[in-house]
A.B. asks: 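Dumping the structure here so I can ask a few things about it.
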Amino acid sequence: MSNREQWSSKTGFILAAAGSAVGLGNIWKFPYIAGENGGAAFLFIYLICILMIGLPILNVEILLGRTTQKNPVGAFKALHGDSHWKYVGGLGVLASFTILSFYSIVGGWSVAYTFEALRGTFHSFETPQVAAEFFNLKNSNPAWVVGYHTIFFAMIVVIILSGIKAGIEKASKFLMPVLFIILMVLVFQGLMLPDSDKGMSFLFNPDWSKINAKTFLLALGHAFFTLSLGMGAMMTYGSYLSDKDDVVNASYLVAFLDTLIAILAGVAIFTVVFSSGYDPTAGPGLVFHVLPPLLAQLPGGYIFALLFFLLLTIAAVTSAISILEVSVAYLVDEMRYSRKKATLTMGVLVYFAAIPCALSFNVLQDVTILVQGKAFTFFDTADYLASNILLPLGGFFIAIFAGYVWGVDEVVKNLLKGNSESVYFGNTILESSSSKKVFGLLIRYLSPILIFLVFLYQFGWI
Ligand code: TRP
């Protein structure tokens, strides 16, 4: 069709898409959100959200990319002309700036902590309080935060510069298996600990009394974030697929891998936290404050701490590339930039856009705006704006577009196009008319209504 680069294989695409999905959301966010919201009860609701809302939208996003062979702005233009729908794609490009500007800071912390683990720093931490002081002290130095943001960001730019096959696909094919092996090592060591059953039961024995409206809304928001939905990242990755590739089957696999890895990360983390008698409700600091001293104190702790932060870094890198790729693909398709020029342009812009987030822990820590009665720094604002506003808004419009503008018939027809091997159960399910009805119900009613409710909730209207 064109000289647009494509994945060299279906496995390449699945690993890249799984790499995008599996990120800080699985290893940093999921455990602490689950920890604060009743463990198993949250897990249960989260699984429902992935299945009923995440999966249909994931299918639609990948399909929009595959069908149009374009970045999010171009994809809406290709299907609906030069109409207002292109702004939904534009929202994605904006979200890519916003997400990456805080994601790269946390990515930088992960790199920094990998080095600290290597130097054996965590051995001297007696308690999580000491670890928290260390974290705050390091972050009070702007050069430290900006420096590690720079290192992390440089890795992303180098991978993107190398293109789809030689960059993103190659990196994912190497890093994702490594990530999985490291995670399995951590899971097994966690299960060997005394009292590991306490952690397991926290994660798998639901206390139903913990479920309320907030659980549902948090779970939905997180389902979007963890599957990389709502800003065209999966659309962009889908645009490097050919019509022959099976979207339905790929979506199942990506959602399955993402969920599996979140649960395994939960096992690895909660077994350690519970066997040391700590509280799982530590919040966002769980991974950077609580875990380093607990891991370091285990027999063989040096290696486990190192493996954990390596895991976090790998997860962050393969996700961050998918976020930057959205903006790069936009410049390549719409502005006819070369990949090199597009990457360098966006790289420089996003790199500098992230600086205020890096300074949120030191020189700019008092520059805040009031969000729902809380003082938010640039960092908090970027996280909030992306996860709670831009992604759900993008997801809402994508569902509306698929359900009412493009139309369920057309979506299903296109979904079925790619399955030369109709043995995959996803397609068999879609081929029956009742499942098409279910798909229609989910994408036309359930998704938009639930996302709308999340909005009302965010703004305190319900
Ligand atoms: N899914 C990733 C995570 O869990 C984050 C991510 C990558 C993302 N690309 C995205 C989130 C696009 C939203 C949109 O960490």
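Fair warning: this is a prediction, and the values are worked out from it, not measured in the lab. Atoms within a ligand are numbered from 1 in the order they appear, just like the ligands themselves. Basis for what follows: all heavy atoms, side chains included, without hydrogens, waters or symmetry-related copies.
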A.B. asks: Walk me through whether Phe13 and Tyr240 qualify under ring pair (Phe, Tyr, Trp, His ring centres under 6.0 Å).
C.D. replies: CA-CA 8 Å; Phe13 166 72; Tyr240 306 119; 9.5 Å; no
A.B. asks: Could you tell me whether Asp380 and Lys374 have a side-chain N and a carboxylate O separated by less than 4.0 Å?
C.D. replies: no
A.B. asks: Decide if the gap between the ring center of Trp85 and the ring center of Phe401 is smaller than 6.0 angstrom.
C.D. replies: yes
A.B. asks: Regarding Arg66 and Asp243, does a basic nitrogen lie under 4.0 Å from an acidic carboxylate oxygen?
C.D. replies: yes
A.B. asks: If the plane angle is over 60° it's perpendicular, under 30° parallel, otherwise tilted; pick one for Trp109 and Phe288.
C.D. replies: perpendicular
A.B. asks: Cut-off 3.5 Å, side chains only: do Thr313 and Ser110 have a donor facing an acceptor?
C.D. replies: no
A.B. asks: So what's ligand 1 close to, N/O to N/O, under 3.5 Å?
C.D. replies:
from, atom 1, to, atom 2, distance (Å)
ligand 1, 1 (N), Ser20, O, 3.2
ligand 1, 1 (N), Ala21, O, 3.1
ligand 1, 1 (N), Phe225, O, 2.8
ligand 1, 1 (N), Thr226, O, 3.2
ligand 1, 1 (N), Ser228, OG, 3.0
ligand 1, 4 (O), Ala21, O, 3.1
ligand 1, 4 (O), Gly25, N, 3.3
ligand 1, 4 (O), Asn26, OD1, 3.4
ligand 1, 9 (N), Ser228, OG, 3.2
ligand 1, 9 (N), Ser322, OG, 3.1
ligand 1, 15 (O), Leu24, N, 3.0
ligand 1, 15 (O), Gly25, N, 2.7
ligand 1, 15 (O), Tyr103, OH, 2.5

